[in-house]
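Source: prediction; values computed, not measured. Index from 1, following the sequence. Order of appearance sets the numbers: ligands from 1, and atoms from 1 within every ligand.
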Amino acid sequence: GKLRVGLIFGGRSGEHEVSLRSARAVIQALDGERYEVIPIAIAKDGRWLPPAESWRMLPSASIPSTPHSSPERDAVTIIGDLNWQGLVHLGEDGTRVERLDVVFPVLHGTYGEDGTIQGLLEMANIPYVGCGVLASACGMDKVAMKSLFRAVGLPICRYLWFLRAEWETKPSEVIKRIEHEIGFPCFVKPANLGSSVGVTRATDRASLEAALTEAALYDRKIVVEEALDVREIECAVLGNEDPQASLPGEYVVLDRRAEFLDYTEKYGQTGHVEFVTPAPVAAELVREIQQMACRAFRAIDGAGLARVDFFLRRDTDELLINEINTMPGLTDVSGYPKMWAASGLDFPQLLDRLIELALERHRDKA
Ligand code: ATP
Ligand code: MG
Ligand code: MG
Ligand code: MG
């Protein structure tokens with residue numbers, strides 16, 4: 001029979017919409033001969049929706065003409081060994097019970113990419129795609145991530161961090177510290193998010209204050225980094241105990257109006273940037289990027305997949321790691337699938353491999 005894949009998407013994070021786009025791309029690419037997809041949408045307010053409602057969360061164009069599972073079907077879906085109310089989707093008749101074989105949490109950001117859903121799936125004793133609890137949590141939190149990178153000697157940029165509470169109670173001290181230790185221009189980020197949501201480039205005290213206020217909307221922890229003049233290169237990692245790195249890709253800036261890769265540049269098809277695979281860099285640098293990507297993956301104890309984002313400094317040619325993303329975007333415009341396609345693995349093959357790795361990892365744990 002077909003493998004029953006529970007596709008969890010949406011979620012409570014600032015990247016809800018990106019997750020819908022990733023889920024749409026995954027549903028369209030999953031081989032309908034091998035997999036039956038059970039869509040499980042999480043609404044922005046955190047409600048878990050039954051299959052029929054879940055299909056409706058996706059843009060209509062995304063429902064395959066021959067759907068893997070009928071949009072009308074609303075059977076009881078039990079995730080693994082969990083059977084408490086919050087995770088049981090009662091169908092119309094309220095009786096049928098169907099188990100999933102594997103879960104693919106196509107969730108980005110908090111409550112999805114950060115170890116929370118992974119912990120739930122561990123408790124449910126069900127295989128799932130991607131990183132486990134530790135790697136997800138460490139990969140999501142830019143402060144924890146940087147500490148781990150530094151501990152294994154991976155080069156990163158200058159940064160500092162503080163709590164929102166400090167910013168709210170002692171704003172002038174926080175500003176003074178930033179101006180003294182980092183200076184301008186600088187980047188202000190919520191510690192736990194993605195897709196550049198809440199990320200701002202600050203050039204003076206006024207824009208810094210605005211940037212801090214913005215980041216504080218999203219997280220109780222805030223990171224400030226020196227703003228570097230860089231080429232932005234990424235590398236896709238795939239595997240469990242013996243991870244492989246793809247050919248790198250590069251966001252090439254076509255129009256200077258793209259000051260940095262903000263949300264609009266990533267998803268708005270502005271035409272200001274183009275993701276080029278493979279990145280136009282020397283073979284020696286490709287090897288260095290791939291090695292560093294695998295080291296970063298190991299540093300957080302990654303599994304399944306991750307995308308490592310690099311900065312190549314224009315002034316010194318130094319290669320730095322910006323960050324790792326444990327559930328990188330899988331949308332039609334995303335780098336992760338493009339880098340594997342350029343490396344000889346098309347999207348359906350990539351998804352097959354990710355599901356295999358999930359099953360393998362589950363067996364290894366036993
Ligand atoms: P995603 O998870 O979608 O990759 P994110 O929200 O985790 O993004 P970052 O990748 O840390 O955020 O930063 C977003 C973008 O901001 C970078 O791709 C880059 O364009 C710019 N940027 C961030 N930090 C710096 C920096 N220190 N110097 C120069 N540019 C930066
Ligand atoms: Mg990120
Ligand atoms: Mg991300
Ligand atoms: Mg990034």
Side-chain angles (χ1 to χ4, degrees), residues 11 13-19 21-22 105-110 112-114 130-131 135-136 138-146 149 155-161 178 181-203 211 214-215 218-219 221-236 249-253 256-268 270 272-273 275 296 300 305-316 318-331 333-336 339:
S13 94
E15 290 184 275
H16 179 95
E17 280 76 20
V18 179
S19 169
R21 277 178 74 167
S22 290
V106 191
L107 295 162
H108 309 302
T110 40
E113 198 176 345
D114 61 355
C131 288
S136 300
C138 295
M140 185 85 279
D141 187 299
K142 292 187 195 302
V143 177
M145 180 200 318
K146 285 176 191 291
F149 289 164
I156 56 175
C157 73
R158 202 143 46 88
Y159 74 99
L160 58 75
W161 69 274
I178 295 168
E181 292 177 34
I182 306 293
F184 296 111
C186 62
F187 270 87
V188 180
K189 312 177 179 182
N192 294 272
L193 244 176
S195 294
S196 304
V197 175
V199 175
T200 317
R201 187 176 189 273
T203 51
E214 171 76 7
Y218 296 98
D219 205 332
K221 210 153 127 190
I222 297 167
V223 179
V224 179
E225 301 173 2
E226 58 178 334
L228 299 169
D229 185 17
V230 292
R231 287 172 64 182
E232 293 199 59
I233 294 172
E234 304 189 340
C235 186
E250 177 173 5
Y251 275 102
V252 176
V253 178
R256 283 275 143 208
R257 270 176 291 181
E259 268 213 315
F260 72 98
L261 287 176
D262 63 13
Y263 187 89
T264 311
E265 296 300 345
K266 280 174 180 166
Y267 297 107
T270 59
H272 299 165
V273 290
F275 191 74
I300 65 161
L305 76 165
R307 194 193 74 225
V308 182
D309 296 354
F310 292 88
F311 290 149
L312 183 61
R313 288 184 74 147
R314 290 183 199 274
D315 51 356
T316 61
E318 210 183 343
L319 185 66
L320 305 176
I321 293 200
N322 170 25
E323 59 150 356
I324 191 165
N325 292 286
T326 54
M327 188 51 77
L330 300 174
T331 73
V333 299
S334 292
Y336 190 86
M339 288 187 278

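- Checked by atom type, the side-chain pair Ser195/His108 shows no donor-acceptor distance below 3.5 Å.
- Glu214 and Thr200 share no donor-acceptor pair across their side chains, judged by distance under 3.5 Å alone.
- Remark: Phe184 pairs with Glu179, Cys186, Leu208 by the side chain to side chain contact (heavy atoms under 4.5 Å, CB included) rule, at least two apart or across chains.
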Exercise. List the steps, then state whether salt bridge (charged side-chain N to carboxylate O under 4.0 Å, His left out) holds for Glu225 with Lys146.
Key: CA-CA 11 Å; Glu225 301 173 2; Lys146 285 176 191 291; 2.8 Å; yes

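- Qualifying side chain to side chain contact (heavy atoms under 4.5 Å, CB included) partners for Glu259, counting only residues two or more places apart in sequence or in other chains: Arg201.
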Exercise. Could you walk me through whether Val199 and Asp262 pass side chain to side chain contact (heavy atoms under 4.5 Å, CB included), step by step?
Key: CA-CA 7 Å; Val199 175; Asp262 63 13; over 6 Å; no

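- At least one test fails for Lys142 against the ring of Trp161: distance under 6.0 Å to the centre or angle within 45° of the axis.
- A distance limit of 4.0 angstrom between heavy atoms and ligand 1 selects the residues Lys142, Phe187, Lys189, Leu193, Gly194, Ser195, Ser196, Glu225, Glu226, Ala227, Leu228, Glu232, Phe260, Leu261, Lys266, Arg307, Asp309, Phe311, Asn322, Glu323, Asn325.
- Distances shorter than 2.8 Å separate the Mg ion (ligand 2) from the protein N/O/S atoms Glu323 OE1, Glu323 OE2, Asn325 OD1.
- Side-chain contact between Asp309 and Asn325 is present, with heavy atoms from C-beta onward closer than 4.5 Å.
- By the 4.5 Å heavy-atom criterion applied to side chains, Tyr159 and Lys189 are not counted as neighbours.
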